[in-house]
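In each ligand, atom 1 is the first atom listed, and ligand 1 is the first ligand listed.
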Amino acid sequence: MSTSRRTVLAGAAAGVAAAGLAGAGTAHAASGAKPPARELFGRLADGTKVYRWTVANGGTRLKVLSYGGIVQSLEIPDRRGATANASLGFGNLDDYVARSPYFGALIGRYGNRVAKGRFTLDGRTYQLPVNDGPNSLHGGDKGFGKQVWDVEPFSRGSDRGLVLRRISPDGEMGYPGTLKVKVTYMLTARGAWRIDYEATTDRATVANLTSHTYFNLAGEGSGSVDGHTLEMAAARYTPVDATLIPTGELARVSGTPFDFRRARTIGERARTPHQQVLYGKGLDHNWVLDKGVTTVPGYALTLADPGSGRVMKMYTTEPGMQFYSGNFLDGTLAGTSGRLYRQGDGLCLESQHFPDSPNQPSFPSTVLRPGTTYRSTTVHTFSAR
Ligand code: BGC
């Protein structure tokens, strides 16, 4: 490892510690942190009970469903201490099952698109369900966000959280290998939300897990996120074709609406007439994070809502960030508080490997082999200014 790379990693680790993300080892007891508790949220058609778990710590409150590992609610304070649910979702299970555009869902086995739903690994070609135009999106039509997970609560020192486990059978949604998956949602004493993903396989496969939370820092149902600002440490992004599959190029953001190296207002960028923006009906692209793949979460971005003062920062071990500006919300879904979600009423920031990596040899690899462990960590910190 070169000196400069070591410095970057050390810097990322220091940033994480400074932001209070190193949850374990924080000695003082969290004020008001109760052990996670569950309640019945609904039943699936086959009678399976779905629970909603509540985890609260350091001013943040997370509600998570055993169906899809869905983050149903994310409450955070504004500059006056007033809390709001900053994530889009539904108030009932039926809507999640019947019509959710992945609100709050755990995504797997493969976040974002695989071209034509097909890839070749070790000489064998695998066909996945095609569920987005000609492509496979977010692990197929019954991906991880539509499966039931085993959920176990934990309290460790001042941290509170949930461990979600699931065994994805060999061949599920066309993917090879039995994948044993463990996802940890944790809130630290400072209210940071950390997600750790882990997976092992018994046959060579691909894995790319993420979280599909739609954020609106002013509160879900409060209208558009056009006025939010985003700053992202990414000098390049992956341009796409008309079906949103990367062309393979890592293009520079300078002089394009994709330049968020300084904080920019989202609405203005998502309305800039540019061929790439037209393809996505707004912003719906993968940014190449300057930090690259890291073993400790490194700084990725800052999202801010000037109105409420709420600020979210994200740190990740992943090399990419899908920023989707809620372009396909069309006013037909009534969210948690009963208000209709219209285009741009929420946005997703999905830490990930690049879309279609299984077909793009020049992208960082998403191949997982027996005897190795897939690991990915993303941390969200919340503050107000
Ligand atoms: C994708 C969008 C897609 C959305 C589904 C995002 O991650 O980038 O293209 O429409 O998920 O809600």
Side-chain angles (χ1 to χ4, degrees), residues 68-72 87-90 95-117 128-146 173 195 197 208-216 220 225 230 232 234 237-247 258 266 269-270 276-289 300-301 303 314 316 318 320-333 335 341-357 360 363 366 376 378:
I70 287 169
V71 172
Q72 191 249 344
S87 69
L88 274 53
F90 294 119
D95 280 340
Y96 279 109
V97 174
R99 54 190 65 86
S100 180
Y102 307 91
F103 285 151
L106 264 184
I107 303 292
R109 295 188 189 187
Y110 200 93
N112 212 277
R113 293 175 177 79
V114 175
K116 312 259 187 306
L128 316 170
V130 164
N131 60 342
D132 184 78
N135 305 316
S136 187
L137 176 67
H138 295 331
D141 43 287
K142 208 154 189 296
F144 288 178
K146 296 195 170 168
M173 291 289 109
I195 314 178
Y197 306 86
N208 186 30
L209 276 59
T210 191
S211 164
H212 209 288
T213 299
Y214 285 67
F215 299 98
N216 182 329
E220 68 78 33
V225 295
L230 179 68
M232 186 150 42
Y237 75 109
T238 51
V240 292
D241 68 15
T243 74
L244 303 184
I245 293 293
T247 59
F258 297 88
I266 288 166
R269 295 270 140 160
Q276 285 293 315
V277 182
L278 286 164
Y279 282 154
K281 295 196 164 52
L283 302 169
D284 190 0
H285 294 74
N286 170 69
W287 270 254
V288 179
L289 297 174
L301 61 84
L303 179 71
M314 285 177 75
T316 184
E318 290 298 304
M321 183 67 68
Q322 184 79 15
F323 167 28
Y324 165 58
S325 57
N327 316 323
F328 302 113
L329 296 172
D330 61 0
T332 57
L333 301 176
Y341 293 144
R342 294 163 37 112
Q343 190 181 40
D345 281 2
L347 62 93
C348 300
L349 292 160
E350 304 153 67
S351 53
Q352 59 177 18
H353 270 55
F354 307 165
D356 198 36
S357 296
Q360 308 254 2
F363 288 176
T366 52
S376 170
T378 294

Plane angle bin for Tyr237 and His285 - parallel if under 30°, tilted between 30 and 60°, otherwise perpendicular: perpendicular
From Leu244 atom CG to Tyr324 atom OH, the distance as rounded to the nearest 0.5 Å: 10.0 Å
Gln322 and its side-chain hydrogen bond (donor to acceptor under 3.5 Å, both in side chains) partner, picked from His212, Gln352, Arg113: Gln352
Give a table of atom pairs where an N or O of ligand 1 lies under 3.5 Å from a protein N or O.
from	atom 1	to	atom 2	distance (Å)
ligand 1	7 (O)	His138	NE2	3.0
ligand 1	7 (O)	His212	NE2	3.1
ligand 1	7 (O)	Glu350	OE1	2.9
ligand 1	7 (O)	Glu350	OE2	2.9
ligand 1	8 (O)	Asn112	ND2	3.2
ligand 1	8 (O)	Asp284	OD1	2.5
ligand 1	8 (O)	Gln322	NE2	3.2
ligand 1	9 (O)	Arg113	NH1	3.2
ligand 1	9 (O)	Arg113	NH2	2.7
ligand 1	9 (O)	Asp284	OD1	3.4
ligand 1	9 (O)	Asp284	OD2	2.4
ligand 1	11 (O)	His138	NE2	3.0
ligand 1	11 (O)	His212	NE2	2.8
ligand 1	12 (O)	Pro101	O	3.2
ligand 1	12 (O)	Tyr214	OH	2.9

Test applied, ring-ring contact (aromatic ring centres under 6.0 Å, His included); reference residue, Phe103; option that passes from Phe215, Tyr96, Tyr341: Tyr341
Close side-chain approach of Leu88 to Glu220, heavy-atom, < 4.5 Å: yes
Thr243 and Asn135 side chains, donor-acceptor separation under 3.5 Å: yes
